[in-house]
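What follows is a short report on a single structure.
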Amino acid sequence: MPEEFYPNVLYTAVVDRIRPVAGQGDVDLIRRAMGPLLADRPGLAEWLAALDPCPWSGEMTDNEVKVALGEFGNIWPTSIWAHVVHAHHEDLPTSTPLKLNGSGRSSCPSYG
């Protein structure tokens, strides 16, 4: 399932709609709360319905819902897009690795 990035306002609205019904074991409530956003996300409604509350507060928090949406549903807010691009860029192989000299500076010539 591909990563989906929702505008921050929509993402926050989705989390706010799911949090009150998450972890209650009622899949239909989750389906009503998410509506068409569940398309192509098999098992996500069941996962959210069975979600455990925060171990410290004992309550369902935004964090539990966000982790489930991201880890299981691959649904993310656009606010993290730059971090994702940067992480993918770091994983790309480079043709000429940057070498550091003993001072911790690059061995590239200075242009300034």
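The side chain to side chain contact (heavy atoms under 4.5 Å, CB included) test applied to V27 returns R31, A45, E46, A49, not counting sequence neighbours. Contacts of E71 classified as side chain to side chain contact (heavy atoms under 4.5 Å, CB included), with partners at least two apart in sequence or in another chain: V67, W76. Looking at residues two or more places apart in sequence or on another chain, you find no side-chain hydrogen bond (donor to acceptor under 3.5 Å, both in side chains) involving T12. Qualifying side-chain hydrogen bond (donor to acceptor under 3.5 Å, both in side chains) partners for Y11, counting only residues two or more places apart in sequence or in other chains: none.
Applying the ring-ring contact (aromatic ring centres under 6.0 Å, His included) test to every pair with at least one member in residues 23-68, sequence neighbours left out, gives these pairs: W47-F72. Residue pairs meeting the side chain to side chain donor-acceptor pair (under 3.5 Å) criterion with at least one member in residues 13-25, sequence neighbours excluded, are D16-R19, R19-D62.
The side-chain heavy atoms of L69 and R41, taken from C-beta on, include no pair separated by under 4.5 Å. Annotation: side chain of E64 is not in contact with side chain of D52 (no heavy-atom distance under 4.5 Å). A heavy-atom distance below 4.5 Å is found between the side chains of L48 and I18. The side-chain heavy atoms of E3 and I75, taken from C-beta on, include no pair separated by under 4.5 Å.
Within the model, atoms CD of E4 and OG1 of T78 stand 12.5 Å from one another, a figure rounded to the nearest 0.5 Å. Distance check: Y6 OH to S79 OG gives 14.5 Å after rounding to the nearest 0.5 Å.
Applying the side-chain contact (heavy atoms from CB on, under 4.5 Å) test between V15 and each of N63, L10, V65 identifies V65 as the sole match.
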Exercise for review: Begin from the C-alpha positions of T61 and K66 and carry the test side-chain contact (heavy atoms from CB on, under 4.5 Å) through to its verdict.
Suggested key: CA-CA 9 Å; T61 66; K66 290 175 180 179; over 6 Å; no
